[in-house]
Novice: 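Below: one structure in structure tokens.
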Amino acid sequence: MCQDCGCGDANIVPVDVHEKILAKNDSTADHNRSHLRKAGVLCVNLMGSPGAGKTAVLEATARMASEALSIAAIAGDLATDNDARRLKAAGILAEALNTGSMCHLDAELVHRALHHFKLPEIDLLFIENVGNLVCPAVYDLGQAVNIVALSVTEGEDKPLKYPTMFAKADLVLLTKTDLLPYLPNVRVEKIHDAIARVMPRPNVIEFSSNNGQGVELLLDWLQAHRPAEIYA
Amino acid sequence: MHEYSVIQSLIDSVETQAKLHPGAMVKLLRVSIGELSGVDTTLLASAYEVFRGETVCADAVLEIKPVSARWSCTKCDRAIPRGDVLRCAMCDAEVKLTSGDEIVLDQIELEVL
């Protein structure tokens, strides 16, 4: 490198790239999305903290809808297939996707998992992401919609602490509302206010897998988001 | 720690670029990371130090430009103050993210002999 004459380092060549670093993941995600849409499948990326109640949301949904709709799920989990077993017991066609130490799913992992399903026979495919409010928000999987499960026990300001996750959400399920009588310090209106500061089109369903609150609202929302045209 | 997989993808795309310039050495990477991208710049920098050895980036400095999140009204373009409800106080219209979700490789600098 020239350091003598101020010639501007003629041997250094800048190359403009201006490319998304995750472009490869995004293109695999688009591929997944187009497959799913063509097969008439509504694909939901379900995210939330560990213990937010993601698996219970799917169980409650299946209890009410499994006769009318064919529901499948990919259950992302660091080490076990416990969630996939629970989902199968609830009548959901479920595949476990162990990520080892990986904190999120990516589009390639989902693409490989999709090969286990007969997509044209499925109405709803849930991707139950790894329990984590940070990393899963970064990776597009090919879903049509993002749902975030947030339990009332997690703290009123949780959305403010994890704005990226909520900025990307199409719907928030405020779960475990049946516990509210035991949580005198949790003000639901504070949670709604926090969500409105990080989610551009706030849309929240108060939900309880135990007493069934919100399950019908969720099913209506899902029905409204199912792909209109089915080419399969 | 998805920053490790972001660095892996970054090094892959730098490799693709470097192949177009045989014999050149990669000296600098410039990336933009948005505040709402979900990527932590400190973790990204340390993940880069862990992974760059024995890759095309071994001698390259990583320069990270943090980009602040900006929401603005879809109707009047007014910027929404930080921490406010994400709805335009003037025209009650929806808002959109105008910057802050970038995970972008802007430029690389190559040393050619």
Side-chain angles (χ1 to χ4, degrees), chain A residues 1-2 8-28 47 99-109 129-130 132-140 146 157 159-160 162-169 192-203, chain B residues 1-14 16-18 20-21 24-40 43-44 69 71-74 80-88 94-97 100-113:
Chain A
M1 190 183 292
C2 172
D9 291 341
N11 51 350
I12 292 286
V13 182
V15 178
D16 287 331
V17 185
H18 299 299
E19 197 180 83
K20 286 187 178 182
I21 294 172
L22 300 177
K24 199 174 158 205
N25 180 77
D26 291 352
S27 91
T28 307
M47 298 177 278
T99 56
S101 58
M102 235 162 95
C103 51
H104 60 275
L105 301 178
D106 65 24
E108 182 57 38
L109 281 170
N129 219 310
V130 180
N132 183 327
L133 272 181
V134 182
C135 317
V138 179
Y139 287 83
D140 186 3
N146 285 321
D157 60 348
L160 302 178
Y162 297 90
T164 304
M165 175 62 77
F166 291 89
K168 292 199 172 174
H192 283 280
D193 178 75
I195 290 171
R197 291 170 198 277
V198 289
M199 185 177 181
R201 278 177 294 279
N203 192 1
Chain B
M1 271 295 280
H2 53 289
E3 283 76 10
Y4 280 96
S5 31
V6 173
I7 286 297
Q8 202 63 62
S9 304
L10 172 65
I11 293 174
D12 287 349
S13 45
V14 173
T16 310
Q17 292 294 331
L20 304 173
H21 305 270
M25 278 237 292
V26 183
K27 300 302 281 184
L28 180 73
L29 317 181
R30 290 200 169 93
V31 301
S32 291
I33 302 295
E35 183 186 353
L36 281 182
S37 68
V39 173
D40 182 285
L43 292 176
L44 192 70
W71 294 93
S72 59
C73 174
T74 50
I80 308 303
R82 268 188 109 73
D84 271 19
V85 166
L86 294 180
R87 186 99 198 160
C88 181
E94 285 185 2
V95 301
K96 62 172 190 294
L97 190 66
D101 64 348
E102 302 79 358
I103 308 177
V104 174
L105 171 59
D106 295 316
Q107 196 185 54
I108 61 179
E109 280 189 4
L110 301 173
E111 188 177 58
V112 287
L113 300 174

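Naming convention: chains lettered A, B, ... in sequence-line order (proteins, then strands); numbering from 1 in each chain.
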Novice: I'd like to verify something: which residue of Val85(B), Asp84(B), Asp40(B), Ile7(B) has the highest number of heavy-atom pairs under 4.5 Å with chain A?
Specialist: Val85(B)

Novice: Contact between Ser5(B) and His104(A) at the side-chain level, heavy atoms closer than 4.5 Å - yes or no?
Specialist: yes

Novice: Answer with side chain, backbone, both or neither: which region of Tyr162(A) has an atom nearer than 4.5 Å to a non-hydrogen atom of chain B?
Specialist: neither

Novice: Shortest non-hydrogen contact from His2(B) to Cys135(A)?
Specialist: ND1-SG, 3.0 Å

Novice: Is it the side chain or the backbone of Ser13(B) that comes within 4.5 Å of chain A heavy atoms, both, or neither?
Specialist: side chain

Novice: Below 4.5 Å, heavy atoms only, C-beta onward: do Phe166(A) and Leu36(B) meet side chain to side chain?
Specialist: no

Novice: How close do Asp16(A) and Gln107(B) get, heavy atom to heavy atom, and via which atoms?
Specialist: OD1-NE2, 2.9 Å

Novice: Kindly write out the residues that satisfy salt bridge (charged side-chain N to carboxylate O under 4.0 Å, His left out) with Arg197(A), not counting sequence neighbours, or none if the list is empty.
Specialist: Asp193(A)

Novice: Is chain A contacted by the side chain of Val31(B), its backbone, both, or neither, given a heavy-atom distance below 4.5 Å?
Specialist: side chain

Novice: Would you mind telling me which of Ile80(B), Leu110(B), Val14(B) has the largest number of heavy-atom pairs within less than 4.5 Å of chain A?
Specialist: Leu110(B)

Novice: Do you know the tightest heavy-atom contact between Lys27(B) and Ile12(A)?
Specialist: CG-CD1, 4.1 Å

Novice: So which atom in Trp71(B) and which in Val198(A) form the shortest heavy-atom distance, rounded to 0.1 Å?
Specialist: CZ2-O, 4.4 Å

Novice: Say you draw a straight line from OG of Ser9(B) to CD of Glu19(A); how long is it, rounded to the nearest 0.5 Å?
Specialist: 10.5 Å

Novice: Could you give the distance from CG (Leu10(B)) to CD1 (Ile21(A)), rounded to the nearest 0.5 Å?
Specialist: 4.5 Å

Novice: Can you tell me which of Met102(A), Lys24(A), Met199(A) forms the most heavy-atom pairs within a distance under 4.5 Å of chain B?
Specialist: Met199(A)

Novice: Non-hydrogen atoms of chain B under 4.5 Å away: do they reach the side chain of Ala137(A), the backbone, both or neither?
Specialist: neither

Novice: Is Ser32(B) close to chain A through its backbone or its side chain, or both, or neither, when contacts mean heavy atoms under 4.5 Å?
Specialist: neither

